[in-house]
Every structure is written in C-alpha cells, then in structure tokens.
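In this chain, residues are counted from 1 in sequence order. This one's a predicted model, so the numbers in the text were calculated from it and none came from an experiment.
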Amino acid sequence: MNLSPHKLPCAYFLSLGILIVTIGYANLFGQGCSDAGICSVQGYTTESEKQDSGFTPSFFRFSAGYALGEKFTHQLFLQPELVIGIVKGTQVILRAPYQINTGKAGFTYDFGDPMVLISHQLHLNQDCAISGLAGIRFPANRAAKNSLPMPYQTSLGTIDGLLSFEIQYKSWSIRTGYQRVLKHQNENAYLAPFENLGDDPVFFSSRRLRRGNDWMLRADYGFNFTKWRFTPGALMVWRLRKDQYLTEQGLMMSYPLSSGPTFNIVLQGFIPIGQKWFIEPLLASPILAREERPDGLTRNLVASMTIIRRLK
C-alpha cells in the first residue's frame, strides 16, 4: 500500500499511538478512576473548522456533574470554562471549578483548583490533525479544611504542570499527557485511626500528602448519528511514583500500592442545539481500582452535562 507524503505522518503517529495503548492495557493490574486534571483537559479547536481558514473559534463552556467517590463520598461540581481563540489554531483555556463534597465524615464546599492552559492544533490534511497543550493547575487552598481526609477537600494543595499531545485521524483520537507536581503545598492533617470505632468510614491517611506524578493515555472513536456525535473511549492513568504521607512520628511513609495504572471507560456526546449552542453529556466509570488511593481522586462513577456557547 502506497501512502502519500501528506498522509504518512498521520498514519505513522496513529499506528504508534494504538501500539502504545495496546501495550499499556495489556499490562493493567489493580486500577481505579483517578484524575488530577490531565485526563479532562484538551484543546477545543473543532474538527469542523476548515484547515485553510485563519479563524479559530472561542467558546464559553459550563459543566455541572456528580461523582461518587471514596467510601460513598458524594461530589457535586460546577465548572465555568472560557476558551479563547487568539491566532490560527491556538486557544487559551481558563477553568475555575466549584466543588461540594458530602458524606458520613462531613460536608465541605469551595472553589476548586483553577487551570490556565494554551493549546495549538495543526491540520496535516483533511483527515488528520495533531495538537499540543500545556498549562498549570494552581491550588485554591492547602487541602486542610476541618482536618478531613482528601475526598472531602476541594483542592489538591499542589502546583502542577500539565503537558499533552493528541493525534486525530478521521474518527480516531489518541491522546497522551503528563502531569507533574511542581510544588507541594498540601497541609492536610488527616491520620486514620488505629481502630474503626463506630460506623464512621476510615480513609487513607493523607497528612501532608505528597502525591505522585501521572502519565495519561486515552483512545477514542467517534460515531456520527445525523448531526449528533457519540465518542466511546478507553482511558488509562499511570501514577508514576508512590504517594506519601507524614506519620504522627514525623516520618514520611509511602503507600506501596498507590502507584501503577488506572483504567476507565468513558462515553461522551456532542449534540448541536442551534448554530451557536451545543451540549456534551459525559459518563465515566472505572473497570478496576487501585488498592491504595490517599489522594481522594477515586471516582466510582462520573456523570456530567456541559452547555457550550460559541462566542465567535
């Protein structure tokens, strides 16, 4: 089979991405739905834009959702997001979430960690595009609310750097990314009791938590139904280093089973409801769960609805 020079780069990168995904999924062991941010960020230059156009769209997005977390912790979140097209193929993304957590251990609410990101998309040909994204996640607080465990905190208490790369070929999308903790500012004070007295759930100790870095790999395939689009996907997040916490004796203790991959199934939709209005339903759930999850990011179920208003 002969490939044209324009199609060769895309075919090469797509094949490499599928190979990496296959190898990654073949080595899964003990996982869970856990995302510190790198899984949900992406560039929003729509595929419907013509590659020879000098126009890059801007959007306002508002998401509302529910997540079932660790030990039946319930999380409600609201997230406004502004996507600003600045030059051809380049957008700046501003995100400022708000989170409500409730469960047997308590009730908390506050702003979550804001993000500032920049993305750029390059069309190689009509069927293929590649894009890159970089940004920073800032701590809204130091994760020390009421000495509660991390599932009840609205912030990770860290400054994180995010970097991702994506290739789109026809209906396929392969994305990989890396999230690194640049500065630990977590001042959480929760230590699990030695014995569980009563009905209160016991969480993982997270005093002065030191969270590991993450590598993400995601594969999606889009199906068109009239003007609607549905995109099932598989998502893996690999915690590269063990999480640590400060013991009562002042020693940093590692969780030996906190590193390794997580594996999730994601279903997302894209539904136009006018020339400038769209909605995006999303449903995600883990296949397996990591045994030790002190960061409070475990989600047994995530369901959200996003309303999008195109600004230009």
Side-chain angles (χ1 to χ4, degrees), residues 33-46 56-67 69 75-86 89-101 108-121 131-143 153-166 175-183 185-186 211 213-214 216 218 220 233 235 237 264 266 268-270 277-282 284 295-297 299 302-312:
C33 188
S34 178
D35 175 27
I38 190 62
C39 302
S40 59
V41 297
Q42 65 184 73
Y44 296 109
T45 303
T46 62
T56 298
S58 298
F59 302 93
F60 175 75
R61 299 163 51 89
F62 184 83
S63 302
Y66 164 80
Q75 280 111 15
L76 301 175
F77 57 89
L78 304 172
Q79 182 171 276
E81 188 174 28
L82 186 60
V83 182
I84 307 169
I86 50 176
T90 302
Q91 294 167 316
V92 173
I93 304 162
L94 307 174
R95 175 183 294 186
Y98 191 86
Q99 188 171 322
I100 301 170
N101 307 308
T108 59
Y109 57 92
D110 206 342
F111 287 99
D113 295 340
M115 293 188 194
V116 178
L117 309 140
I118 185 167
S119 70
H120 182 75
Q121 185 179 77
S131 60
L133 178 144
I136 297 180
R137 176 173 181 155
F138 300 95
N141 55 70
R142 303 206 172 190
Q153 302 299 326
T154 59
S155 172
L156 294 176
T158 59
I159 300 175
D160 292 6
L162 300 91
L163 185 67
S164 74
F165 174 82
E166 181 177 8
R175 179 152 45 105
T176 186
Y178 177 62
Q179 181 163 351
R180 180 179 180 85
V181 178
L182 302 177
K183 186 175 183 180
Q185 296 181 334
N186 187 295
R211 199 185 82 250
N213 303 318
D214 290 319
M216 177 274 296
R218 179 169 176 169
D220 300 283
L235 168 65
V237 186
N264 314 278
V266 182
Q268 191 168 6
F270 183 80
W277 291 90
F278 313 87
I279 57 175
E280 283 184 342
L282 180 142
D295 56 19
L297 294 172
R299 301 292 183 262
V302 177
S304 70
M305 181 67 71
T306 300
I307 299 176
I308 305 169
R309 171 65 160 87
R310 181 168 175 160
L311 301 179
K312 68 173 185 175

Kindly compute the distance separating [atom1] ([X]) from [atom2] ([Y]), expressed to the nearest 0.5 Å.
X      : Y      : atom1 : atom2 : result
Ile308 : Glu280 : CD1   : CD    : 3.5 Å
Asp214 : Asp295 : CG    : CG    : 8.0 Å
Arg299 : Gln75  : CZ    : CD    : 4.0 Å
Arg137 : Leu182 : CZ    : CG    : 12.5 Å
Ser155 : Gln185 : OG    : CD    : 9.0 Å
Leu133 : Arg175 : CG    : CZ    : 8.5 Å

**OP:** For side-chain contact (heavy atoms from CB on, under 4.5 Å), just list the numbers for Arg309 and Trp277, CA-CA rounded to whole Å, side-chain angles, deciding distance to a tenth of an Å, and then say yes or no.
**Re:** CA-CA 5 Å; Arg309 171 65 160 87; Trp277 291 90; 3.3 Å; yes
Subject >> Phe138 CZ: over 12 foreign heavy atoms closer than 6.0 Å >> reply: yes
Original post:
Would the number of heavy atoms belonging to other residues, nucleotides or ligands and lying under 6.0 Å from CZ of Phe60 be above 12?
Top reply: yes
Student check: side-chain heavy atoms of [X] and [Y] closer than 4.5 Å:
X      : Y      : value
Thr108 : Gln153 : no
Arg211 : Asn186 : no
Ile136 : Asp160 : no

So does [Y] get a backbone contact from the side chain of [X], meaning a donor-acceptor N/O pair under 3.5 Å?
X      : Y      : value
Thr56  : Gly89  : yes
Thr176 : Met216 : yes
Thr154 : Gly112 : no
Asp113 : Leu156 : yes

**OP:** Decide side-chain contact (heavy atoms from CB on, under 4.5 Å) for Val266 and Val302; before the verdict, give the C-alpha distance in whole Å, the side-chain angles of both, and the deciding distance to 0.1 Å.
**Re:** CA-CA 9 Å; Val266 182; Val302 177; over 6 Å; no
**OP:** Mind telling me whether Phe270 and Phe278 have parallel, tilted or perpendicular rings, with 30° and 60° as the class edges?
**Re:** parallel
Original post:
Given the rule in the side-chain contact (heavy atoms from CB on, under 4.5 Å) test, do Ile279 and Met305 qualify, once you have shown the distances and angles that lead to the verdict?
Top reply: CA-CA 7 Å; Ile279 57 175; Met305 181 67 71; 4.2 Å; yes
Non-hydrogen atoms of [X] and [Y] that approach each other most closely:
X      : Y      : value
Asn141 : Phe111 : ND2-O, 4.1 Å
Pro97  : Gln79  : CB-OE1, 3.7 Å
Phe77  : Tyr66  : CE2-N, 3.6 Å
Gly135 : Leu117 : CA-CD2, 3.7 Å

Original post:
Yes or no on side-chain contact (heavy atoms from CB on, under 4.5 Å) for Ile93 and Leu82, after CA distance, side-chain angles and deciding distance?
Top reply: CA-CA 6 Å; Ile93 304 162; Leu82 186 60; over 6 Å; no
Subject >> Name of the residue among Ile84, Val92, Ile86 meeting side-chain contact (heavy atoms from CB on, under 4.5 Å) with Ser58 >> reply: Ile84
